[in-house]
Amino acid sequence: MTVASILNTKGRDVITASSSATAGDICKLLAEKRIGAVVITDAKRHIEGIVSERDIVRVIGAEGPEALNKPVTAVMTRTVISASEGDTLNSIMSRMTSGRFRHMPVVSGGKLTGLISIGDVVKHRIAQVEEEAEQMRNYIAMA
């Protein structure tokens with residue numbers, strides 16, 4: 001199973017913001033949309049960074065609530081590890097686990113085409129394991 005199969009099921013809509021936003025703007029967006037990360041893009045959907053709940057908590061913990069007035073560029077993670085639609089679930093799980101992050105943008109041709117979360121990956125992996133188990137039961141029943 002690949003990243004494309006996840007996106008084909010869940011959809012390709014991604015909540016984005018521009019680099020002119022503040023950390024407070026991102027907090028509002030995270031709360032409104034009930035999401036865990038916002039991808040920061042330019043007008044052509046090239047990724048400039050990503051801001052997660054963890055990034056917000058880290059900056060507020062270090063600087064207090066006035067940190068919400070900071071530009072998002074001071075809060076976001078600039079080095080964004082992304083996936084391609086052909087990547088397998090196992091490779092994505094490994095990269096997310098080793099990098100200790102829960103959201104991964106999907107890029108094609110240098111542009112943002114989707115976003116997957118660890119929850120998406122786990123959900124699809126469980127479905128894959130259940131399908132394999134069912135196939136094994138059917139095979140055994142036929143023998």
Side-chain angles (χ1 to χ4, degrees), residues 1-140:
M1 191 173 287
T2 63
V3 168
S5 62
I6 293 174
L7 293 178
N8 290 338
T9 302
K10 78 171 261 184
R12 296 171 184 273
D13 292 340
V14 181
I15 304 300
T16 63
S18 76
S19 59
S20 63
T22 66
D25 295 333
I26 299 302
C27 280
K28 289 176 188 169
L29 197 53
L30 291 168
E32 269 176 28
K33 302 295 183 179
R34 300 182 58 147
I35 55 176
V38 174
V39 181
I40 308 303
T41 61
D42 65 16
K44 294 182 179 179
R45 294 189 60 87
H46 295 118
I47 297 173
E48 296 179 337
I50 190 167
V51 181
S52 70
E53 295 163 320
R54 287 180 183 175
D55 294 321
I56 298 294
V57 169
R58 177 183 38 79
V59 74
I60 291 173
E63 300 177 27
E66 48 285 344
L68 295 175
N69 296 320
K70 290 184 130 201
V72 72
T73 54
V75 176
M76 70 185 188
T77 300
R78 291 178 182 272
T79 305
V80 180
I81 297 174
S82 62
S84 70
E85 293 192 24
D87 288 340
T88 65
L89 292 188
N90 288 342
S91 71
I92 295 303
M93 282 193 310
S94 175
R95 289 173 29 203
M96 290 176 122
T97 300
S98 66
R100 299 184 52 101
F101 51 86
R102 298 177 291 184
H103 298 88
M104 185 180 283
V106 181
V107 176
S108 179
K111 295 183 181 181
L112 180 66
T113 59
L115 181 73
I116 58 171
S117 70
I118 193 66
D120 298 327
V121 174
V122 169
K123 175 183 170 183
H124 281 80
R125 183 67 180 117
I126 288 171
Q128 185 179 31
V129 168
E130 288 174 349
E131 183 179 327
E132 290 168 359
E134 181 63 27
Q135 289 173 355
M136 186 62 76
R137 282 190 291 274
N138 290 340
Y139 176 76
I140 292 169

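Numbering of residues begins at 1 and proceeds along the displayed sequence. In what follows, every heavy atom counts, from backbone to side chain, and hydrogens, waters and symmetry copies are set aside.
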Query raised in the report: Is a donor on one side and an acceptor on the other found under 3.5 Å between the side chain of S52 and the backbone of R54?
Result: yes
Query raised in the report: What's the shortest heavy-atom distance between K10 and I116, and which atoms?
Result: NZ-CA, 4.3 Å
Query raised in the report: Does a salt bridge link E130 with R125, judged by any charged N lying under 4.0 Å from a carboxylate O?
Result: no
Query - Sole residue of D42, T41, I40 in side chain to side chain contact (heavy atoms under 4.5 Å, CB included) with S19 - result: I40
Query - By side-chain hydrogen bond (donor to acceptor under 3.5 Å, both in side chains) - contacts of S18 (at least two apart) - result: S20
Query - Heavy-atom closest contact (G86 atom, T2 atom, distance) - result: O-CG2, 3.8 Å
Query raised in the report: Can you check whether M104 reaches L115 side chain to side chain, under 4.5 Å on heavy atoms?
Result: no
Query raised in the report: Got a salt bridge between E63 and K70, using NZ or NE/NH1/NH2 to carboxylate O under 4.0 Å?
Result: yes
Query raised in the report: Below 4.5 Å, heavy atoms only, C-beta onward: do R45 and V14 meet side chain to side chain?
Result: yes
Query raised in the report: Quick one: are V3 and S84 in side-chain contact, heavy atoms under 4.5 Å?
Result: no
Query raised in the report: Would you say the side chain of V51 lies within less than 4.5 Å of the side chain of I56, judging by non-hydrogen atoms?
Result: yes
Query raised in the report: Is there a donor-acceptor pair closer than 3.5 Å between any side-chain N or O of D25 and the backbone N or O of T22?
Result: yes
Query raised in the report: At their closest point, which heavy atom of A17 faces which heavy atom of I26, and how far apart are they?
Result: CB-CD1, 3.6 Å
Query - Contact list for residues 95-104, test side-chain hydrogen bond (donor to acceptor under 3.5 Å, both in side chains), sequence neighbours left out - result: D87-R95
Query raised in the report: Under 4.5 Å between any side-chain heavy atoms of E48 and H46, yes or no?
Result: no
Query raised in the report: Which pair of heavy atoms, one from A23 and one from V75, lies closest together, and at what distance?
Result: CB-CG2, 3.9 Å
**Report entry** Nearest atoms (heavy-atom pairs only) where L30 meets G36
**Finding:** CD2-C, 3.7 Å
Query raised in the report: Which pair of non-hydrogen atoms, one from L7 and one from G114, has the smallest distance, and what is that distance?
Result: CD2-CA, 4.1 Å
Query - Under-4.0 Å salt bridge between D55 and R58 - result: yes
Query - Separation of E85 CD from I6 CD1 (nearest 0.5 Å) - result: 11.0 Å
Query raised in the report: Is it true that a side-chain atom of H124 and a backbone atom of D120 form a donor plus acceptor pair closer than 3.5 Å?
Result: yes
Requested in this report: Say whether, by atom type as modelled, one donor and one acceptor occur between the side chain of K33 and the main chain of K28 under 3.5 angstrom.
Outcome: no
Query raised in the report: Less than 4.5 Å apart, any side-chain heavy atom of M96 and any of I81?
Result: no
Query - Validation row: V39, L112 side chains within 4.5 angstrom (heavy atoms) - result: yes
Query raised in the report: Is the closest side-chain heavy-atom distance between I92 and T88 below 4.5 Å?
Result: no
Report summary line: Residues passing the side chain to side chain contact (heavy atoms under 4.5 Å, CB included) test with V107, sequence neighbours excluded, are I47, S82
